[in-house]
Amino acid sequence: MLDRTFVVERADEVRDICARKRVDVDVDEIVAVETRRRDLAHRFDTRKALGNKLSKGLGPVIGMLKKAGGQLDEATRAQAEEKLSAAVEKRTYPDEYERLHEALAEGAEALQATMRALSDEVREIERERSEVEARRDELMAWLPNRILPQVPRGRSEADNVEVRRGGEPPTFDGFAAKPHWELAAPLGLHMEMGAKLAGGGFYVLTGDLARLEWALLSYFLDRAREAGYTPCMLPYLVTRATLFHTGYLPKMADQVYHTERDDLFAIPTAEAPLTSLHANEILEAEALPRHYCGFSPCWRREAGSWGADVRGLLRLHQFNKVELFKLTHPEESEAEHERLVADIEALLVELGLHYRVLELCDADLSFAAARCFDFEVYAPGGEQWLEVSSASNFLDFQTRRGGIRYRHAETGKPAYCHTLNGSGLATPRTLVALLESNQRADGSVTIPEPLRPYMSGQDHIKPQ
């Protein structure tokens, strides 16, 4: 969520953000609605304050009128006029001043009717303000996050900037590398079983191939813990508010699985529950930064278009992933982003995979991210680069949506934290690159050294 003042005072910049991220939002309507809300809020406060003054100041006057039977002598009227003037200053409330003094001449009921009219007016202002606030919040929820100045401009993912490459491209002695959907079938990949159980986009692994995926996940979690991330076991179903905090709702409502009876959502990533661990809390300054990691299956309805890239494990409705998450002071988020990138890159280096790091251009930047680096691994069998992680800085976009703040050490006032996250890593595509890069002529696959302790020392897997 963007700051409302920022949207109103820098509307042209917000329009530019929407254009660069290709998000269609009526910024003019948001500005108009927020301006109207501010006017109503001011009117509500002033009319409410007047009502409080009248409730306190007119009681004695009405009492005098009732006691006198509505007929005031000159001295009593002068006293009533004085009390009325003290309750409502002519300079501050000229219209009400005249109206109340006219009502005084008519008696107690006229004064009480004037007070009821004011009370009705306050309620009507409050009703309209609530409607305007709801409309403003509805529109604001569709505004994308800011874009940091370092982010390159572009028109599509083709304009993403390659930052660096690492690892060596794999070579094969005397045989052509197979794509994973051919290589992995004899090893224990069963796409047809997954389709039988749940439909397209789901898979089953058996035997050593299933063990290899668990080895990857265990390795990722151990490395995250060693890097200072606190492991978390998380719910796989979360509330609507939890997905709103991350920015998945309402923008990507058509991409998540929803259980209507309980109004719960299957998480598209562990980012969702990790981001909301401290929702609606105010943390002490010294409690930051917080580094968490969590494993989860991830569910996404949109698994890609038909074609060669949907074969095997490339496009799935369900997959496993370890997520790295950071909650930090605003002034530290850029440095924390660099460390997050380093933590993810270390995994690819240790696994011996050929990879590249890309900085996303503005047109390819996600709705919620202010800056992002993608990690892609090379799969030689399919001769393609596969994304296995995105490391993003969200600034205060998610914490404004989730009410996640810290108490500033100097001012003592609450301020919004910054959030960052990245996959560390997603297993299906990592598994694809690992299989294709380490395949042997006989169809077996060498297990990278870091994973062998998780495979009881086993150094390869072979067809079942």
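None of these values were measured; they are calculated from a predicted model.
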Tell me which pairs pass ring-ring contact (aromatic ring centres under 6.0 Å, His included) where either residue lies in residues 127-172, with sequence neighbours left out. Phe172-Phe175
ring-ring contact (aromatic ring centres under 6.0 Å, His included) pairs touching residues 249-274, sequence neighbours excluded, are His258-Phe265
What is the minimum heavy-atom distance between Val204 and Thr206, and which atoms define it? CG1-CG2, 4.0 Å
Output, in order, the C-alpha distance, side-chain angles, deciding distance and verdict of salt bridge (charged side-chain N to carboxylate O under 4.0 Å, His left out) for Glu133 and Arg136. CA-CA 5 Å; Glu133 284 181 349; Arg136 177 207 61 195; 5.0 Å; no
Candidate pair Thr328 and Leu288, rule side chain to side chain contact (heavy atoms under 4.5 Å, CB included), full reasoning: CA-CA 5 Å; Thr328 185; Leu288 298 178; 5.6 Å; no
Suppose we screen for ring-ring contact (aromatic ring centres under 6.0 Å, His included). Which residues come up paired with Tyr378, at least two apart in sequence or across chains? Trp385
Check whether more than 12 heavy atoms from other residues, nucleotides or ligands sit under 6.0 Å from atom NE2 of His408, and answer yes or no. yes
When you measure from the side chain of Lys462 to the backbone N and O of Gly443, does any donor-acceptor pair fall under 3.5 Å? no
Does any pair with a residue in residues 180-202 pass salt bridge (charged side-chain N to carboxylate O under 4.0 Å, His left out), and if so which ones, sequence neighbours excluded? none
Verdict with supporting geometry, Arg211 and Ile461, side chain to side chain contact (heavy atoms under 4.5 Å, CB included): CA-CA 10 Å; Arg211 292 178 63 218; Ile461 60 174; over 6 Å; no
Please enumerate all residues that pass ring-ring contact (aromatic ring centres under 6.0 Å, His included) together with Tyr355, with sequence neighbours excluded. none
To the nearest 0.5 Å, what is the distance between CG on Leu249 and CZ on Phe244? 9.0 Å
Treating Thr427 as the side-chain partner and Asn320 as the backbone partner, does any N or O pair qualify as donor plus acceptor under 3.5 Å? yes
Quick one: does any side-chain atom of Arg429 pair with a main-chain N or O of Leu314 as donor and acceptor, under 3.5 Å? yes
If you apply the rule side-chain hydrogen bond (donor to acceptor under 3.5 Å, both in side chains), what do you find for His460 with Ser444, and how did you get there? CA-CA 7 Å; His460 72 284; Ser444 63; 5.5 Å; no
Pairs where residues 277-298 contributes a residue and the test salt bridge (charged side-chain N to carboxylate O under 4.0 Å, His left out) is met, not counting sequence neighbours: Glu284-Arg407
Would you mind reporting whether Asp459 and Ile447 have side-chain heavy atoms less than 4.5 Å apart? no
Carboxylate-amine/guanidinium contact Glu131 Arg127, below 4.0 Å: yes
Quick one: ring-ring contact (aromatic ring centres under 6.0 Å, His included) partners of His190, sequence neighbours excluded? none
Salt bridge (charged side-chain N to carboxylate O under 4.0 Å, His left out) contacts touching residues 162-171 (sequence neighbours left out): Glu162-Arg165, Glu162-Arg356, Arg164-Glu345
Output all residues satisfying ring-ring contact (aromatic ring centres under 6.0 Å, His included) with Tyr229, sequence neighbours left out; order by chain, then residue number. His291
Counting only N and O atoms by type, is there a donor-acceptor contact under 3.5 Å from the side chain of His329 to the main-chain atoms of Ala285? yes
If we ignore hydrogens and angles and just use 3.5 Å, is the side chain of Thr246 paired with the main-chain N or O of Leu243 as donor and acceptor? yes
Rounded at 0.5 Å granularity, tell me how far CD1 in Ile404 sits from CG in Leu327. 6.0 Å
Rounding to 0.5 Å, atoms CG (Leu451) and CG (Leu216) come to a distance of 5.0 Å
Inter-residue atom distance Glu271.CD - Gln398.CD, 0.5 Å rounding: 5.0 Å
Side-chain ion pair, Arg400 and Asp3, N-O less than 4.0 Å: yes
How would you list all residue pairs meeting salt bridge (charged side-chain N to carboxylate O under 4.0 Å, His left out) that involve residues 242-269, not counting sequence neighbours? Arg240-Asp263
Donor-acceptor pair, Ser276 side chain versus Pro273 backbone, under 3.5 Å? no
Are Glu359 and Arg371 close enough for a salt bridge, meaning some N to O gap below 4.0 Å? yes
Ser437 (side chain) donor-acceptor with Leu353 (main chain) under 3.5 angstrom: no
Do the charged groups of Lys48 and Glu126 touch, with an N to O distance under 4.0 Å? no
Counting N and O atoms only, with roles assigned by atom type, does the side chain of Arg47 sit under 3.5 Å from a partner on the main chain of Val122, one being a donor and the other an acceptor? no
Distance-only, no hydrogens or angles: does the Asn160 side chain make a donor-acceptor pair with backbone N or O of Cys361 under 3.5 Å? yes
Nearest 0.5 angstrom please: Gln439 CD to His180 NE2, how far? 11.5 Å
Above 12 or not: heavy atoms from other molecules or residues under 6.0 Å from CD of Glu157? no
Over 60° means perpendicular and under 30° means parallel, so tell me whether Phe295 and Trp214 are parallel, tilted or perpendicular. tilted
Passes side chain to side chain contact (heavy atoms under 4.5 Å, CB included), Met140 versus Glu34? Steps please. CA-CA 10 Å; Met140 288 282 293; Glu34 172 60 10; over 6 Å; no
Dump the intermediate steps for side chain to side chain contact (heavy atoms under 4.5 Å, CB included) on Asp222 and Arg225, then the final yes or no. CA-CA 5 Å; Asp222 281 350; Arg225 180 180 51 81; 3.8 Å; yes
Side-chain donor-acceptor distances from residues 143-155 under 3.5 Å, at least two apart:
from	atom 1	to	atom 2	distance (Å)
Asn145	ND2	Ala368	O	2.8
Asn145	ND2	Phe394	O	2.9

Out of Asp442, Leu187, Asp208, which one pairs with Pro463 under the side chain to side chain contact (heavy atoms under 4.5 Å, CB included) rule? Leu187
Scan for ring-ring contact (aromatic ring centres under 6.0 Å, His included) pairs involving residues 356-376, sequence neighbours excluded, and state none if there are none. His337-Phe373, Phe367-Phe397
Distance-minimising heavy-atom pair for Gln464 and Gly188: NE2-CA, 3.4 Å
Taking Arg15 first and then Asp28, would you say they form a salt bridge - that is, a charged N and a carboxylate O separated by under 4.0 Å? yes
Any salt bridge between Arg339 and Glu336, counting N to O under 4.0 Å? yes
Between CG on residue Leu347 and OG1 on residue Thr430, distance to nearest 0.5 Å: 9.0 Å
